Amino acid sequence: MVLTNGNEIFNNARKGKYAVGAFNINDLEWTRGILAAAQETQTPILVQTSMGAAKYMGGYELCLHLVQDTIKSMGITVPVVMHLDHGNYEAAKECIEVGYNSVMFDGHDLPFDENLEKTKEIVKLAHAKGMSVEAEVGSIGGTEDGITGLGELADVEEAKTLAATGVDYLAVGIGNIHGVYPDNWKGLSFDRLQELAAEISTPLVLHGGSGIPKEQIVKAISMGISKVNVNTELQLAFAKATREYIEAGHDQDVDAKGYDPRKLLAPGTKAITDTTIERIKWFGTPSI
Ligand code: 13P
């Protein structure tokens with residue numbers, strides 16, 4: 001069984017003080033590139049879609065089929081969790097309906113009581129179908145897919161209350177930001193992470209995994225982070241490799257048909273795989 005809800009993976013990660021990477025997909029190249037990295041390293045992985053990326057690709061059902069069929073056609077044998085990233089209430093319900101393995105209900109911008117009630121509902125619906133749930137407390141800074149967070153630190157009492165709903169993993173704001181980190185970024189708040197990890201045994205999630213220095217990521221994982229989300233880093237790697245291909249004039253090589261998308265997109269796809277492998281190593285994810 002390749003597709004899995006990830007419960008065992010994350011509980012083992014928290015106990016074993018390593019993390020599993022959750023990588024966002026944007027199209028077929030991303031899907032193939034990320035799955036190739038997991039297979040090469042023989043490690044479990046999360047493939048996740050934001051609401052915007054799913055809309056871009058044609059909907060959640062299409063994304064699920066894309067991942068399922070790519071797993072099959074590539075002969076992927078490592079465990080893969082198909083996860084909804086930063087879903088609102090409606091998106092989380094739809095992905096549960098469609099058959100994802102795991103959903104994030106991101107209610108951080110709601111009044112806390114409403115976030116709590118809706119998280120409880122999503123947990124009930126998802127667990128009834130054997131799926132996992134991630135919730136968020138304290139917003140992640142920056143903007144992703146039009147969702148902007150101010151980057152406040154997670155409140156420990158609120159985090160404990162959300163964890164008590166039975167969520168399978170909990171995204172915590174510890175000074176992390178989506179996208180490229182500004183020059184004046186203060187770094188992760190390890191004090192707050194320590195307070196959270198001391199009170200909560202649920203695996204904790206670090207969003208905004210691109211651009212955080214390796215030492216900070218490794219330290220955060222040693223303190224209780226079990227899932228690290230990465231999106232921007234792969235987009236930058238893809239764009240850089242594609243630009244180099246075009247700047248070298250390969251797309252204009254008519255004899256070699258360098259304009260063929262299968263050639264044009266190949267260096268970017270390889271860059272996605274290489275960057276994903278590098279991050280898997282940073283996270284210390286053990287081979288299965
Ligand atoms: P980055 O784009 O900063 O890597 O963040 C990804 C993320 O947290 C997705 O939820």
Side-chain angles (χ1 to χ4, degrees), residues 5-7 9-20 22 83-93 96 102-127 131-144 147-178 181 185-209 212 216-217 219-229:
N5 67 18
N7 260 341
I9 295 171
F10 288 102
N11 287 327
N12 288 344
R14 176 87 202 246
K15 283 193 212 114
K17 295 190 185 240
Y18 59 85
V20 178
H83 178 71
L84 168 69
D85 186 30
H86 290 289
N88 61 20
Y89 181 66
E90 289 73 27
K93 284 204 342 195
I96 292 168
S102 174
V103 294
M104 175 179 191
F105 167 59
D106 179 357
H108 84 264
D109 53 347
L110 301 172
F112 181 71
D113 286 347
E114 195 179 341
N115 183 5
L116 181 64
E117 285 316 307
K118 290 210 158 100
T119 300
K120 279 184 192 163
E121 274 181 57
I122 296 294
V123 167
K124 201 167 153 201
L125 290 172
H127 283 184
M131 298 167 181
S132 301
V133 178
E134 175 179 347
E136 176 170 325
V137 60
S139 74
I140 316 297
T143 299
E144 185 176 68
I147 298 172
T148 302
L150 298 175
E152 75 254 23
L153 301 180
D155 178 90
V156 179
E157 286 309 313
E158 286 185 357
K160 275 167 69 178
T161 310
L162 263 194
T165 61
V167 289
D168 303 277
Y169 23 74
L170 186 64
V172 287
I174 52 169
N176 39 331
I177 296 175
H178 285 127
Y181 281 78
W185 180 55
K186 293 195 186 69
L188 295 177
S189 169
F190 292 108
D191 289 346
R192 182 55 52 95
L193 177 56
Q194 181 149 24
E195 289 169 336
L196 290 161
E199 297 283 344
I200 298 164
S201 58
T202 308
L204 302 175
V205 183
L206 179 67
H207 281 247
I212 301 176
Q216 291 195 33
I217 293 209
K219 185 168 174 187
I221 291 171
S222 75
M223 293 172 68
I225 293 291
S226 312
K227 169 178 181 268
V228 182
N229 283 16

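Just so it is clear, the structure is predicted and the values come from calculations on it, not from any experiment. The figures here come from the full heavy-atom set of this structure, side chains too, leaving out hydrogens, waters and symmetry mates.
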Nearest 0.5 Å, please: how far is CE in Met104 from OG1 in Thr119? 9.5 Å
Return the minimal non-hydrogen interatomic distance between Leu153 and Ser189, and the atom names on each side. CD2-CB, 3.8 Å
Less than 4.0 angstrom from a charged side-chain N to a carboxylate O is my criterion; do Arg192 and Glu195 meet it? yes
Between Lys120 and Glu117, does at least one N-O distance fall below 4.0 Å, as a salt bridge requires? yes
Between the side chains of Glu136 and His207, is a donor N or O closer than 3.5 angstrom to an acceptor N or O? no
Look up atom OG in Ser132 and atom CG in Leu84, then write down how far apart they are to the nearest 0.5 Å. 12.5 Å
Can you tell me if Gln194 has over 12 outside heavy atoms packed within less than 6.0 Å of its CD? no
Could you pull out the closest heavy-atom pair between Ala197 and Arg14, with the gap in Å? O-NH2, 3.2 Å
Rounded distance [0.5 Å steps], CG in Leu162 versus NE2 in His108: 12.5 Å
Hey, does Asn11 have a side-chain heavy atom less than 4.5 Å from the side chain of Pro203? yes
Run through Leu206, Leu193, Val205 and flag the one making a side chain to side chain contact (heavy atoms under 4.5 Å, CB included) with Asn176. Leu206
Tell me the closest heavy-atom pair linking Gly209 and Val228, and the distance in Å. CA-CG1, 4.0 Å
Separation between CZ of Phe190 and NZ of Lys219, rounded to the nearest 0.5 Å: 5.0 Å
Would you call Leu204 and Ile174 a side-chain contact if the rule is heavy atoms closer than 4.5 Å? no
Which atom names give the shortest non-hydrogen contact between Ala163 and Thr202, and what distance separates them? CB-OG1, 3.7 Å
Do Phe105 and Val123 have side chains that approach each other closer than 4.5 Å (heavy atoms only, starting at C-beta)? no
Quick one: are Phe112 and Asp155 in side-chain contact, heavy atoms under 4.5 Å? no
Please answer whether the main-chain N or O of Gly187 pairs with a side-chain N or O of Gln216 as donor and acceptor at a distance below 3.5 Å. no
Rounded at 0.5 Å granularity, tell me how far OG in Ser102 sits from CD1 in Ile96. 9.5 Å
For a side chain to side chain contact (heavy atoms under 4.5 Å, CB included) check, start with the C-alpha distance between Ile200 and Lys160, then their side-chain angles and the critical distance, and finish with the verdict. CA-CA 6 Å; Ile200 298 164; Lys160 275 167 69 178; 4.0 Å; yes
Nearest-0.5 Å distance that lies between atom OH in Tyr89 and atom CD1 in Ile122: 5.5 Å
Might you point out which heavy atoms bring Val103 and Ala92 nearest each other, and give the distance in Å? CG1-O, 3.9 Å
Heavy-atom nearest pair, Met131 first then Asn5, reads CA-CB, 4.2 Å
Check this for me: does any side-chain nitrogen of one of Glu90 and Lys93 sit under 4.0 Å from a carboxylate oxygen of the other? no
Could you tell me if the side chain of Asp168 sits less than 4.5 Å from the side chain of Phe10, heavy atoms only? no
